Amino acid sequence: MSVTPAQELAREVIEALSPHITDVVLCPGSRNSPLSLEVLSREDLRVHVRIDERSAAFLALGMARVQRRPVPVIMTSGTAVSNCLPAVTEAAHAHIPLLVVSADRPAHLIGTGSSQTIDQTAIFGALAPTVTVAAPEHVGRIGQALGNGASQSPRHINVALD
């Protein structure tokens, strides 16, 4: 069975995150299905599925607070990402390592009127810096964003899946 470029990118993104995480909160969606399938295939990650992005982000926030380590909430593209703002705000002010991992449309579809295409880059402003991963050569940005694991601030990893 052949692997699509989106599946390969999702695999590399989750592989880059895996040394830093033990739990993932997953909000199923169409755009993030490669990321969803990748986390669900791994035995080293506990996956907690929630339908609502806002409550999922708060679950990840609570887990990150208790574990004192990053906990990602993974969601589809578009306005789903903006539902994480309240939890990101709390994480930023309480110094909690919440990770928002959002699927995104590729750059050539942004601004075209295609569904789920808002500008997700820097959606959280200074509260959670955005790292955009659009190709395998960008995956190293995740490690740079997470540093040595000592950072206790939220980050946004925006994965453009074509």
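Just so you know, these numbers come straight off a predicted model, no measurement behind them.
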Query raised in the report: Looking only at side chains, do S102 and N158 share a donor and an acceptor under 3.5 Å apart?
Result: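 Yes, N158 and S102 have a side-chain donor paired with an acceptor closer than 3.5 Å.
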Are [X] and [Y] grouped together when hydrophobic residues (ILVMFWY) are joined by side-chain heavy atoms under 4.5 angstrom apart?
{"X": "I96", "Y": "L146", "value": "no"}
{"X": "L61", "Y": "V47", "value": "no"}
{"X": "L99", "Y": "L26", "value": "yes"}
{"X": "L37", "Y": "V25", "value": "no"}
{"X": "F58", "Y": "V100", "value": "no"}

Heavy-atom closest contact ([X] atom, [Y] atom, distance):
{"X": "I74", "Y": "V39", "result": "CD1-CG1, 3.8 Å"}
{"X": "V71", "Y": "D23", "result": "CG1-O, 3.8 Å"}
{"X": "R69", "Y": "P19", "result": "NH2-O, 4.0 Å"}
{"X": "C27", "Y": "V73", "result": "SG-CG2, 4.3 Å"}
{"X": "P106", "Y": "L161", "result": "CD-O, 3.5 Å"}
{"X": "V133", "Y": "V13", "result": "CG1-CG2, 4.0 Å"}

Report task. Take V81 and H156, measure what side chain to side chain contact (heavy atoms under 4.5 Å, CB included) needs, and give me the verdict at the end. Result -> CA-CA 10 Å; V81 184; H156 175 211; 4.1 Å; yes
Query raised in the report: Salt bridge check: are D44 and R42 linked by an N-O gap of less than 4.0 Å?
Result: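 Salt bridge present between D44 and R42.
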Report task. Step by step, work out the side chain to side chain contact (heavy atoms under 4.5 Å, CB included) result for T132 and H138. Result -> CA-CA 8 Å; T132 298; H138 301 155; 5.9 Å; no
Please round to the nearest 0.5 Å and tell me the distance separating atom [atom1] of [X] and atom [atom2] of [Y].
{"X": "M75", "Y": "Q120", "atom1": "CE", "atom2": "CD", "answer": "9.0 Å"}
{"X": "E38", "Y": "E8", "atom1": "CD", "atom2": "CD", "answer": "9.0 Å"}
{"X": "L35", "Y": "I14", "atom1": "CG", "atom2": "CD1", "answer": "5.0 Å"}
{"X": "I21", "Y": "Q67", "atom1": "CD1", "atom2": "CD", "answer": "10.0 Å"}
{"X": "T22", "Y": "M63", "atom1": "OG1", "atom2": "CE", "answer": "7.0 Å"}
{"X": "Q7", "Y": "S33", "atom1": "CD", "atom2": "OG", "answer": "8.5 Å"}

Report task. Determine yes or no for a side-chain-to-main-chain donor-acceptor pair under 3.5 angstrom, with T76 supplying the side chain and R31 the backbone. Result ->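 Here the side-chain-to-backbone pair exists.
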Query - Donor-acceptor under 3.5 Å (H20 side chain, L17 main chain) - result: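 Not at all, since once roles are kept as given, no pair shorter than 3.5 Å links the two residues.
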Requested in this report: Taking the side chain as every heavy atom from C-beta outward, state whether H93 and L127 have any pair of such atoms under 4.5 Å apart.
Outcome: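 They are in contact (side-chain heavy atoms under 4.5 Å apart), so the answer is yes.
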Query raised in the report: Tell me, do P34 and L9 make a side-chain contact under 4.5 Å, heavy atoms counted?
Result: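 They are not in side-chain contact.
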